[in-house]
Amino acid sequence: MVIYNGRTKWNTEKEFKKIIENPKKQTEKYIPNYQYEIYDLSPNGTKEIVGTAILKMILEMMRAIQIKNQKKFIDEIINITLLSKQIKNQEKATKIYESCVRYIFNIRDDIEVEEIEEKVKEVSKERSDYFMTIADKLIEKGIEKGKLEGIQQGKLEGMKLGEYLKAKDTVKKLLSKKIDKKTISEVTELSIEQINKIEEEMKQNKN
């Protein structure tokens, strides 16, 4: 079985024999011919995720990290949150939820933390508080200084997550009003480099 969670749909041959390119005639008879099962977890995959709540949480997380559409991505986070509430052993559920959130943060560099936190709060205040706690811990440890917002380590030195997110929101509003970046930098105390990064994220989200 192949478990796949790439960005595009799996389109490789399923028959092992067909994967071997130009086999020599004398060796062809020794190539085993069988089909493997593909579990396509890419955003375009149609495979339904089934199993226990724990298994579904992990597989949903694998699918979520490749979804670029922000609304669909948040929907997957909500789904993971709801699945975590179905697990009888909530201590175990919390640990798995933390692992899923940490993994997503370390893979993705375009996460809108406050927006996700607000949506998660609608289904579980406990999980939303925990979600933000994990994010803050990652910032404090420096793990997310280069990952969470796609900024090099040290760029957020002295600025807490909440402060940065507010500044980022202000940058987006000012950019949409065509305010020059030097002025935006003075108002928000973010560097031109950071502002350029936010502008690039805005363009990507539009696409």
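Note that this is a predicted model, so its numbers are computed, not measured.
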Taking atom CD1 of Ile38 and atom CD of Glu13, what is their separation to the nearest 0.5 Å?
12.5 Å
Residues 89-98, side-chain donor-acceptor partners within the protein, below 3.5 Å, at least two apart:
| from | atom 1 | to | atom 2 | distance (Å) |
| --- | --- | --- | --- | --- |
| Asn89 | OD1 | Glu91 | N | 3.2 |
| Asn89 | OD1 | Lys92 | N | 3.1 |
| Gln90 | OE1 | Arg127 | NH2 | 3.2 |
| Gln90 | NE2 | Ser84 | O | 3.0 |
| Gln90 | NE2 | Ile87 | O | 2.6 |
| Thr94 | OG1 | Gln90 | O | 2.8 |
| Tyr97 | OH | Thr81 | OG1 | 2.9 |
| Glu98 | OE1 | Tyr130 | OH | 2.7 |
| Glu98 | OE2 | Arg102 | NE | 2.8 |
| Glu98 | OE2 | Arg102 | NH2 | 3.2 |

Whether Glu201 and Lys197 form a salt bridge (side-chain N of Lys/Arg under 4.0 Å from carboxylate O of Asp/Glu) is what I want to check.
no
Check for a donor-acceptor pair, side chain of Gln194 on one end and backbone N or O of Ser191 on the other, with a separation under 3.5 Å.
yes
Do other residues, nucleotides or ligands put more than 12 heavy atoms under 6.0 Å from the CD atom of Glu37?
no
Is there a donor-acceptor pair under 3.5 Å between the side chain of Ser185 and the backbone N or O of Leu190?
yes
Between CD of Glu15 and CD of Gln35, what distance do you get to the nearest 0.5 Å?
5.0 Å
Do Lys168 and Lys172 have side chains that get closer than 4.5 Å, going by heavy atoms?
yes
Atom pair CD1/CD of Ile195 and Glu200 - distance to nearest 0.5 Å
14.5 Å
Nearest atoms (heavy-atom pairs only) where Ile80 meets Ile104
CD1-CD1, 4.4 Å
Just so I know, are the side chains of Leu175 and Met202 near enough to count as touching, which here means a heavy-atom distance under 4.5 Å?
yes
Derivation of the salt bridge (charged side-chain N to carboxylate O under 4.0 Å, His left out) call for Lys181 and Glu199:
CA-CA 10 Å; Lys181 293 177 184 178; Glu199 183 179 42; 2.6 Å; yes
If only atom types and distance count, is the side chain of Ser124 paired as donor or acceptor with the main-chain N or O of Lys121 below 3.5 Å?
no
Of Ile58, Leu41, Asn79, Leu83, the one forming a side chain to side chain contact (heavy atoms under 4.5 Å, CB included) with Ile49 is Leu41
Side chains of Leu55 and Val50 in contact at under 4.5 Å (non-hydrogen atoms)
no
How would you list, by chain and number, every residue that makes a side-chain hydrogen bond (donor to acceptor under 3.5 Å, both in side chains) with Lys177, sequence neighbours excluded?
none
Report yes if some heavy atom in the side chain of Lys119 is under 4.5 Å from a heavy atom in the side chain of Ile77; otherwise report no.
no
Output for pair (Glu60 CD, Ile78 CD1), nearest 0.5 Å, gives 12.5 Å
For residues 27-83, which residue pairs qualify under ring-ring contact (aromatic ring centres under 6.0 Å, His included), counting only residues two or more places apart or in two chains?
Phe16-Tyr34
d(Asp75 CG, Ile67 CD1) to nearest 0.5 Å is 8.5 Å
So CG of Leu59 and CE of Met62: to nearest 0.5 Å the spacing works out to 6.5 Å
